[in-house]
Number of protein chains: 2
Amino acid sequence: MGTTTWEDPTVEATVATLEEAVRAGDTITVFAECEVEYDGRATGYLGPGERVILLKPDGTLLVHRPAGNDPVNWQPPGSTVTADVADGDPVITARRSAPDELVRVFLRDTYQLTTFAADDTAPLELDGTETDMHEYILEHPAAVDDGLRAIEHERDTPYGTIDVYGTDDAGRPVVIEVKRRQASLTHVDQLNRYMEQFRASNPDARGILVAPAASSRVRRSLRENDLEFVALDEFATNRGEVASTTFEDFQ
Amino acid sequence: MGTTTWEDPTVEATVATLEEAVRAGDTITVFAECEVEYDGRATGYLGPGERVILLKPDGTLLVHRPAGNDPVNWQPPGSTVTADVADGDPVITARRSAPDELVRVFLRDTYQLTTFAADDTAPLELDGTETDMHEYILEHPAAVDDGLRAIEHERDTPYGTIDVYGTDDAGRPVVIEVKRRQASLTHVDQLNRYMEQFRASNPDARGILVAPAASSRVRRSLRENDLEFVALDEFATNRGEVASTTFEDFQ
DNA sequence: ACCTCCATTTCGGGA
DNA sequence: TCCCGAAGTGGAGGT
C-alpha cells in the first residue's frame, strides 16, 4: 500500500527500478526533463521539457506537461512498457498493436521516481448521464409529448440505434433522439438518418430531438427537415418533482 | 526545476504544503487513499481507494486510479484549487464556473506528496492529422478526382464548414469531406448536410467522402445518397512519393 | 474485430 | 462568449 521514492536516481537505478516496478504491477510516477517520440496513427515529437510521467499496471503511459487536462503524449491500457538505456539516458518504451503504436520517453534528467502498489476497487457512481434521461423519458413520456407512448428503448436499425421509439396519440411512429447537453448539428444529422427509413414506409413518422437547449441554427435545421425540438433540462431527471418542460413544435 | 517530496505528511503539513505549492505555481502529485465527490454537469461519488492526484498550475486537477487512460475524476484548466481540513482530513477543492462544477478530494491517508516547479515550453510537433490531408488534397487534387480543381479550403456555409470545395472537369461543384481514419455513418451525415443546400441550387453538385477506408454500410449509405467515396490513405500525406490511390465511384 | 455512439468529453479556431 | 468539428480521441456495448 505505501509508496517508495527515489530522488535523483542514477541511470542504472532508474532503469532497474522501473523494470522491477512494472513487473510488480506498481503505479509509477517519474518527474523528469524528457523528450518524447510517438509513431502510430500519427507521428509526433516533443522537445525537451519538464514533465510528470505516469505509468499504470494495466499498461497505461501518460506524459503530462504543467498545463492542460489531457496528456501531451500517451499510450492507452494494454501496451507493453519496458525500460532501458540509449545514448546513456534511461528510455521508457510503450508499445501496442491494433493500432500499431510506439511511444518512447527519453529521460534527460530524472528528478524523482515513485512506485506505488495502489489498491482501488471502488466503483464510480455517476448520475446525470444520457441514460438517466432515457429512463426519465420512458417513465414520463408526457414530458416530451402529450399523447406519447414510449414503446422501445435502444431500438436497433440498420443505420444505428434509436434512443426511444414510440407512438403518439394519433398512432404515428415517434423517433426520439436524446442529448444531455446543448443540441448540435450532428445530433440533427443523427435523427435525420434514423428518420430516412421510417419516413420511407410512413411519411407521417415524427422525429423529436430532446435536449436542454438548441442553437437557432439547430432549430432552423430541424424545421427544414420537419423535425421537432423539445427542451428538457437534463437535471429534471435527477429531481423528484415533475419536470417543467418547454414544448416547442415546428410542424 | 527540482522536486520536493514529503512522505506520510501530517494533516497540517499536507494542507500547508498544498496551499503553498498552488500559490507558487508548482505541479503537484499526491499519493493517497481518498474519496471523491463531483457535482456539476453530472454528479458523482467515488468511494475510498488508493489513487494518484495530479495538480497543475493552470488549475487542472486529475484523479488517476491504477487503471485506465482517463482520470476517474477531474477538473479541467481554469479551476480554482484550494486545500483545507474537514472532519480531521485534508480536502482538495477544485471549483470552476461555466459550467459550474465542483470536485472535492478527501484525503483519508496521504502516503506521499511531491511539488515540482516544472518548466516546459516545447511545442508538440504532430504529423498525420486531418489538416495534413487537406493540404495534400489541395496540392494534389487529382488524387481525389481527375479533373478536380480545388478552389476553397474550409468554406463556411450556414450548416457548417466544408473541408475542400472545388469544381470538376464538367464544371460541377464538388464538396469534399476528408477523414483521416475509417469513414463512419456520421461522416456521411456531415457530407449529406453540406450537400442539401448545394443540390437545392445545383442538382448536379457532387459530394465526395475521402478517407483511408469505408465499411460496406457506409458505402451503401453513400450510394443511396448519390455520394462518392475515394480511398486515400492518410499516410500518403506524409510521403514524398505520389500517393497510389484507389478510386471508387458510385454514380 | 468491427461498428456505433456516449463523454463531467477536451481542445482549438472562428465569428 | 457561443458554436462547430477534430482528436493519436477513449470507453462501452452489441454483433
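None of these values were measured; they are calculated from a predicted model.
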Tell me which nucleotide among [options] gets nearest to the side chain of [X].
{"X": "B:Arg181", "options": "D:dT9, D:dG8, D:dT15", "value": "D:dT9"}
{"X": "B:Ala98", "options": "C:dA15, D:dT9, D:dT1", "value": "D:dT1"}
{"X": "A:Asp70", "options": "C:dC11, C:dT8, D:dG11", "value": "C:dC11"}

What is the distance, rounded to the nearest whole Å, between atom [atom1] of [X] and atom [atom2] of [N]?
{"X": "B:Leu61", "N": "C:dT8", "atom1": "CG", "atom2": "P", "answer": "15 Å"}
{"X": "A:His153", "N": "D:dG13", "atom1": "NE2", "atom2": "P", "answer": "13 Å"}
{"X": "A:Asp39", "N": "D:dG8", "atom1": "CG", "atom2": "P", "answer": "14 Å"}
{"X": "A:Asp156", "N": "D:dG14", "atom1": "CG", "atom2": "P", "answer": "9 Å"}
{"X": "A:Leu191", "N": "C:dC5", "atom1": "CG", "atom2": "P", "answer": "12 Å"}
{"X": "A:Glu125", "N": "C:dT8", "atom1": "CD", "atom2": "P", "answer": "15 Å"}
{"X": "B:Tyr45", "N": "C:dT8", "atom1": "OH", "atom2": "P", "answer": "18 Å"}
{"X": "B:Leu62", "N": "D:dG10", "atom1": "CG", "atom2": "P", "answer": "16 Å"}

Is any side-chain nitrogen or oxygen of A:Arg41 closer than 4.0 Å to OP1 or OP2 of D:dG10?
-> yes
Distance test, side-chain N/O of A:Arg180 to OP1/OP2 of C:dT9, below 4.0 Å = yes
Tell me what A:Gly44 touches on the nucleic acid: a base, only sugar-phosphate, or nothing, going by heavy atoms under 4.0 Å.
->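 Counting heavy atoms under 4.0 Å across all strands, no contact is made by A:Gly44.
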Let me know, please, whether B:His187 or B:Ser97 comes out on the 5' side of the other along DNA chain D by nearest nucleotide.
-> B:Ser97
Interface residues of residues 71-79 of chain A with DNA chain D (non-hydrogen, below 4.0 angstrom) = A:Asn73, A:Trp74, A:Gln75, A:Pro76, A:Pro77
Side-chain donor-acceptor pair under 3.5 Å between [X] and [Y], yes or no?
{"X": "B:Ser215", "Y": "B:Gln182", "result": "no"}
{"X": "A:Gln190", "Y": "A:Tyr159", "result": "no"}
{"X": "B:Thr161", "Y": "B:Asp156", "result": "yes"}

To the nearest 0.5 Å, what is the distance between CZ (A:Arg220) and CG (A:Asn225)?
->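 If we round to the nearest 0.5 Å, A:Arg220:CZ and A:Asn225:CG are 12.0 Å apart.
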Stepwise, does the side chain to side chain contact (heavy atoms under 4.5 Å, CB included) test hold for B:Leu54 with B:Val52?
-> CA-CA 7 Å; B:Leu54 179 57; B:Val52 180; 5.5 Å; no
Compare every heavy atom of A:Thr121 with every heavy atom of B:Arg65, then report the nearest pair and how far apart it is.
-> NH2-C, 4.1 Å
Looking at A:His153 and A:Val164, what are the two nearest heavy atoms and their distance?
-> CD2-CG2, 4.5 Å
C1' spacing across the pair D:dA6 / C:dA7, given as an integer number of angstrom =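 Nearest-Å result for D:dA6 against C:dA7 at atom C1': 15 Å.
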What interatomic distance, in whole Å, is found between P of D:dG8 and the corresponding atom of D:dC4?
-> 22 Å
Show me, pair by pair, the donor-acceptor contacts under 3.5 angstrom made by side chains of residues 90-97 of chain A, not counting sequence neighbours?
unit_1  : atom_1 : unit_2   : atom_2 : d
A:Arg96 : NE     : A:Gln75  : OE1    : 3.2
A:Arg96 : NE     : A:Glu101 : OE1    : 3.3
A:Arg96 : NH2    : A:Glu101 : OE1    : 2.6

Identified side-chain contact (heavy atoms from CB on, under 4.5 Å) partner of A:Asn73 from the options A:Val105, A:Leu61, A:Val36, A:Leu62 | A:Val36
Under 6.0 Å between the ring centres of A:Phe198 and A:Tyr165?
-> yes
Can you tabulate the close N/O pairs, meaning under 3.5 Å, that link protein atoms to atoms of nucleotides 3-5 of chain D?
unit_1 : atom_1 : unit_2   : atom_2 : d
D:dC3  : OP1    : A:Gln182 : NE2    : 3.3
D:dC3  : OP2    : A:Gln182 : NE2    : 2.8
D:dG5  : OP1    : B:Arg193 : NH1    : 2.9
D:dG5  : OP1    : B:Tyr194 : OH     : 3.1
D:dG5  : OP2    : B:Arg193 : NH1    : 3.1

